Trainee: 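One structure, pasted below without further comment.
The shown structure was predicted, so the numbers you read here are calculated from the model rather than taken from an experiment.
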Amino acid sequence: MKRKWLLFMLTAMTAILLAACGAGDKSEDKASGDAAKEEAGGEFRIGMEAGYPPFNWTQQDDANGAVKIADNAEYAGGYDVQMAKKIAEGLGKELVIVKMEWDGLVPALQSKKIDAIVAGMSPTEERKQTIDFTENYYTSDFVMVIKKGSKYEDAKSIQDFSGAKVTSQLNTSNYNVIDQIKGVEKQTAMENFSAMRVALEAGKIDGYVAERPEGISAAAANDKFTFVSFEEGFDTDISNTSIAVGLRKGDASLDKINEILKGISEDDRQKIMEEAILQQPAAQ
């Protein structure tokens, strides 16, 4: 009887151990599968203001390929959104747009609240001290947005704006270059270009420095606006008028994103920008 009992116990324990090992193998297989799935898919969370047309803006529906903003009933559209969609597709990830203030973009990236900044951000040397950038996905130049009929409409040089009330966006190279205008009345920097357009129409400022797409965009949105391109313009590094994707230092996806961007021709980029200028909401 004792031998039979011992044999029964050994058989039972063996069965239990085998079952446990099998469950462990299945658990490990599932964990491995989940990790592989996460690597292949997952989310590509990008931060932007959604208030800097034609690069990015906010709208009420998904017209013209706009993408719903995370935790928000509104949608984001514009050049940056279309480029972000191409990047996310190339990475095999779902695009998620996080709307936030300009000054919060870099901190959000560093704290991993977002995976990238796709927000019309220039890869300046100062910013490169804290984050990495991809190759440029758009290159432009600085212009001055003014009201039609203004005494500055025939300006050829930035120095023709001596005595003018000029501003631009807070913490941008656009705002810094204003100092190159001798005798300019440099105004307090503003949070976004929508506020600048309001100030310009109200006569509180004579003009604001922007990149060419914003100049075209402002003139298209308001027939009282135009912009000045300079024969003798601002002295600035090309990095200040170029746009790139911001990433955390050492991000492993840098090379892959550069590869994706390289696959988008210059003609396609210009076409996307032209469409963004035409599609921007009039209110912005």
Trainee: For residues D237 and S239, is any side-chain donor paired with an opposing acceptor at under 3.5 Å?
Mentor: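 Indeed, the side chains of D237 and S239 share at least one donor-acceptor pair under 3.5 Å.
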Trainee: So does T124 get a backbone contact from the side chain of S122, meaning a donor-acceptor N/O pair under 3.5 Å?
Mentor: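 Side chain of S122 to backbone of T124, a donor-acceptor pair under 3.5 Å: no, none is there.
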Trainee: Please output the side-chain donor-acceptor pairs of residues 269-277 that fall under 3.5 Å, not counting sequence neighbours, one pair per line with the distance.
Mentor:
unit_1: R269; atom_1: NE; unit_2: I264; atom_2: O; d: 3.1
unit_1: R269; atom_1: NH1; unit_2: N136; atom_2: O; d: 3.1
unit_1: R269; atom_1: NH2; unit_2: L261; atom_2: O; d: 2.6
unit_1: R269; atom_1: NH2; unit_2: I264; atom_2: O; d: 3.4
unit_1: Q270; atom_1: NE2; unit_2: E266; atom_2: OE2; d: 3.0

Trainee: Provide the full list of salt bridge (charged side-chain N to carboxylate O under 4.0 Å, His left out) pairs with a residue in residues 153-172, sequence neighbours left out, each pair given once.
Mentor: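 Sorted result for residues 153-172: empty, none.
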Trainee: Within the 4.5 Å heavy-atom criterion, are Y208 and R197 side-chain neighbours or not?
Mentor: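 The answer is yes, as the side chains (C-beta and beyond) meet within the 4.5 Å cut-off.
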Trainee: Do the non-hydrogen side-chain atoms of M144 and Y152 ever get within less than 4.5 Å of each other?
Mentor: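 Not touching, per the 4.5 Å side-chain cut-off.
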Trainee: Show, in sequence, the C-alpha distance, side-chain angles and deciding distance for S217 and F55, and conclude whether the side-chain contact (heavy atoms from CB on, under 4.5 Å) test is met.
Mentor: CA-CA 10 Å; S217 180; F55 289 101; over 6 Å; no
Trainee: Just by distance, no angles: are the side chains of N192 and E49 close enough, under 3.5 Å, to form a donor-acceptor pair?
Mentor: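 No, because no side-chain N or O of N192 sits under 3.5 Å from a partner of the opposite role on E49.
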Trainee: According to salt bridge (charged side-chain N to carboxylate O under 4.0 Å, His left out), does anything in residues 116-140 pair up with another residue at least two apart or in another chain? List the pairs.
Mentor: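 Output for this query lists E125-K128, D132-K249.
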Trainee: Identify, with sequence neighbours excluded, every residue that meets ring-ring contact (aromatic ring centres under 6.0 Å, His included) alongside F234.
Mentor: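 Expected list: F230.
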Trainee: Ignoring hydrogens and angles, tell me if any N or O in the side chain of D206 forms a donor-acceptor pair with the backbone of V166 under 3.5 Å.
Mentor: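 Flag not set: sc D206 to bb V166 has no pair under 3.5 Å.
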Trainee: Is a side-chain N or O of S265 found less than 3.5 angstrom from the main chain of D268, in a donor-acceptor match?
Mentor: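 Flag set: sc S265 to bb D268 pair under 3.5 Å.
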Trainee: Please answer whether the main-chain N or O of D179 pairs with a side-chain N or O of K186 as donor and acceptor at a distance below 3.5 Å.
Mentor: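 Looks like no, no N/O pair under 3.5 Å.
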Trainee: For the side chain to side chain contact (heavy atoms under 4.5 Å, CB included) test, which of L105, L95, I114 pairs with I46?
Mentor: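 Single pass found, and it is L95.
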Trainee: Flag the pair F193 / E211 as yes when at least one side-chain heavy-atom distance between them is below 4.5 Å, and no otherwise.
Mentor: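 When only atoms from C-beta onward are counted, E211 and F193 do not touch, as no gap falls below 4.5 Å.
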Trainee: Would you indicate whether the side-chain heavy atoms of R212 and F227 approach each other to under 4.5 Å?
Mentor: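 Side chain of F227 against side chain of R212, heavy atoms only: contact under 4.5 Å found.
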Trainee: Taking only residues two or more places apart in sequence, or in another chain, which ones meet Y175 in a ring-ring contact (aromatic ring centres under 6.0 Å, His included)?
Mentor: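 Testing Y175 for ring-ring contact (aromatic ring centres under 6.0 Å, His included), a comparison that skips the adjacent residues, returns none.
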Trainee: Any donor-acceptor pair under 3.5 Å linking the side chain of Q180 with the backbone of Q159?
Mentor: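 Not confirmed, Q180 side chain does not pair with Q159 backbone.
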Trainee: Sort and list the pairs that fulfil side-chain hydrogen bond (donor to acceptor under 3.5 Å, both in side chains) and have at least one residue in residues 72-85, not counting sequence neighbours.
Mentor: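 side-chain hydrogen bond (donor to acceptor under 3.5 Å, both in side chains) check on residues 72-85 returns N56-D80, Q60-E74, D80-Y137.
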Trainee: Would you say T58's side chain and A50's backbone share a donor-acceptor pair under 3.5 angstrom?
Mentor: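 The answer is yes, because a donor-acceptor pair under 3.5 Å joins these two groups.
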Trainee: A side-chain contact here means heavy atoms from C-beta on lying under 4.5 Å apart; do L170 and M190 qualify?
Mentor: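 No, every pair of side-chain atoms sits at 4.5 Å or beyond.
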Trainee: A side-chain contact here means heavy atoms from C-beta on lying under 4.5 Å apart; do K113 and V98 qualify?
Mentor: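 They are not in contact (no side-chain heavy atoms under 4.5 Å apart), so the answer is no.
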Trainee: Within the 4.5 Å heavy-atom criterion, are M121 and F133 side-chain neighbours or not?
Mentor: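 The answer is yes, as the side chains (C-beta and beyond) meet within the 4.5 Å cut-off.
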Trainee: For residues I131 and I117, determine if any side-chain heavy atom of one lies less than 4.5 Å from a side-chain heavy atom of the other.
Mentor: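 I131 vs I117: side chains touch.
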Trainee: Is the backbone of E201 close enough, under 3.5 Å, to the side chain of K147 for a donor and an acceptor to pair up by distance?
Mentor: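 Confirmed, K147 side chain pairs with E201 backbone.
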